[in-house]
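Scroll down for the structure; my scribbles are underneath it.
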Amino acid sequence: MVFAKFLEKNCRKGRFCQSKLRGKRVIELGAGCGVAGCGMAILGCDVVSTDQKEVLPLLQRNLERNASRIMQMNPGSDSFGSIKAMELDWGNKDHIQAVCPPYDYIIGTDVVYAEHLLEPLLQTILALSGPRTTIMLGYEIRSTNVHERMLQMWKSSFDVKIVPKSKMDRNYQHPSIQLFMMEAKPSLESTREGIRGNDQLDDNDKKESEGTTQENSGGVDKVDDLGTIKGEGDCLLHTCLPSGELSDWEVRRYGAMAARLLRDVKIN
């Protein structure tokens, strides 16, 4: 929901407005129920929502029901793009070839939760991206070790920027949830060549990311207000709870975080 509400807030102007997104090819990784992909399809994109085989029946049903509902609410409108479900295990070359890369956008939400998945996720993103691909990943920080390792790996391959909290929906944001926008560095041609086996890629046209913080020589810049990620070498994550009363959504988020922290606690 955080990513979908981000799209809703920023769909009137900038790179996420409907006129600029219409017809863009989008692939969603670890789609789950496909909320993020549906958000892009509503803005006119042609979306492929992917997940593991056992998730596909539920994902397909959810996509069909939501697409049908959207069309019923907007009869005669051609603003909705398209969306379909496909199997994709990260790192599986056959699956990667089957979804026909490269894509204009690669999106994913809550896909970073275990360190052993970072490498196959990165290799899959590299294989799916082209010289002008924009990657949008959102996730909840559960482990500082995984977070630091993730940033180190991403910065070795991409120009990484953090979406400011001011660009996110005020009711759908949290200190532990961050959105990252990434674009490929020109030197990635040989890496993608080995993974995907396609022809040599063109040079990357670096684009200004509207509404994002800029990457400095040390790595990812600081996040505004709610959280801070210091430069490379520090890799220090700092989050603080907002003051004042909590919304119902915040209460649920804190409750879920507490449950995860207590799950592995053994009481003697």
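Side chains are part of it too, since the values below use all heavy atoms of this structure and drop only hydrogens, waters and symmetry mates. Keep in mind the model is a prediction, meaning the values are calculated, not measured. Numbers for residues simply follow the sequence, beginning at 1.
Not a single donor-acceptor pair under 3.5 Å links the side chain of K20 to the backbone N or O of K13. A donor-acceptor pair under 3.5 Å links the side-chain atoms of K165 to the main chain of H174, judged by distance alone. With K9 contributing its side chain and M168 its backbone, the two residues share a donor-acceptor pair below 3.5 Å. Side-chain N or O atoms of Q173 include one that pairs as donor or acceptor with a backbone N or O of D169 at under 3.5 Å. The backbone N or O of L126 lies less than 3.5 Å from a partner atom in the side chain of S129, making a donor-acceptor pair.
Across A41 and I83, no two heavy atoms sit closer than the pair CB-CB, 4.2 Å. For the pair C38 and N66, the tightest heavy-atom approach, listed with the atom from each and the gap, is SG-CB, 4.2 Å. Closest approach of A184 to D159, counting heavy atoms only: O-OD2, 4.4 Å. For the pair G32 and L59, the tightest heavy-atom approach, listed with the atom from each and the gap, is O-CD1, 3.3 Å.
Interatomic distance, CD1 of I125 versus CD1 of I106, reported as 6.0 Å (0.5 Å rounding). T109 contributes atom OG1, which lies 10.0 Å from atom CG of L29 (distance to the nearest 0.5 angstrom). Considering CH2 of W154 and CD1 of I135, their distance stands at 9.5 Å, rounded to 0.5 Å. Put simply, CG on D46 and OH on Y105 are 13.5 Å apart, with the number rounded to the nearest 0.5 Å. A distance of 8.5 Å separates OG in S79 from CD1 in I42, rounded to the nearest 0.5 Å. Distance check, rounded to the nearest 0.5 Å: CG of D51 to CG of L56 gives 7.0 Å.
For W90, the ring pair (Phe, Tyr, Trp, His ring centres under 6.0 Å) test picks out no residue, with sequence neighbours left out. A search for side-chain contact (heavy atoms from CB on, under 4.5 Å) contacts involving N92 returns D89, D94, H95, not counting sequence neighbours.
The shortest side-chain heavy-atom distance between I162 and F180 falls under the 4.5 Å cut-off. The shortest distance between side-chain heavy atoms of L58 and C33 does not fall below 4.5 Å. Proximity of V47 to S82: side-chain heavy atoms (C-beta onward) are nowhere separated by under 4.5 Å. In this structure, T134 and M181 have side chains that are in contact, with non-hydrogen atoms separated by less than 4.5 Å. Counting only heavy atoms from C-beta outward, the side chains of I96 and L88 approach each other to under 4.5 Å. At a threshold of 4.5 Å between non-hydrogen side-chain atoms, the residues R149 and L118 count as touching. Counting only heavy atoms from C-beta outward, the side chains of L121 and V112 approach each other to under 4.5 Å. Considering only heavy atoms from C-beta on, P164 comes within 4.5 Å of K167 through its side chain.
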task: Determine, stepwise, if the pair E183 / R15 fulfils salt bridge (charged side-chain N to carboxylate O under 4.0 Å, His left out).
output: CA-CA 14 Å; E183 292 178 340; R15 68 163 61 194; 3.4 Å; yes
Worked check of side-chain contact (heavy atoms from CB on, under 4.5 Å) between M182 and K155: CA-CA 9 Å; M182 304 187 293; K155 287 187 291 183; over 6 Å; no
- request: Could you walk me through whether I107 and L137 pass the side-chain contact (heavy atoms from CB on, under 4.5 Å) test, one step at a time?
  value: CA-CA 6 Å; I107 63 173; L137 296 179; over 6 Å; no
query: Do V163 and M136 pass the side-chain contact (heavy atoms from CB on, under 4.5 Å) test, and can you show the C-alpha distance, the side-chain angles, and the key distance before you say yes or no?
result: CA-CA 10 Å; V163 175; M136 292 288 299; 4.2 Å; yes
task: Kindly indicate, with the supporting measurements, whether the criterion side chain to side chain donor-acceptor pair (under 3.5 Å) is fulfilled by Q72 and R69.
output: CA-CA 5 Å; Q72 290 175 6; R69 183 177 179 85; over 6 Å; no
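A salt bridge is absent between R61 and E64; no separation between the charged side-chain nitrogens and carboxylate oxygens falls under 4.0 Å. Between R170 and E8, none of the side-chain N atoms (NZ, or NE/NH1/NH2) sits under 4.0 Å from a carboxylate O, so this pair counts as no salt bridge.
The distance between the ring centers of F16 and F6 falls below 6.0 angstrom.
Tested against S49, the residues E28, Q60, K84 include a single side-chain hydrogen bond (donor to acceptor under 3.5 Å, both in side chains) partner, E28. Of the residues P101, C45, C100, the one that meets the side chain to side chain contact (heavy atoms under 4.5 Å, CB included) test with R25 is C100.
Annotation: salt bridge (charged side-chain N to carboxylate O under 4.0 Å, His left out) contacts involving residues 97-120, sequence neighbours excluded, comprise D110-R142.
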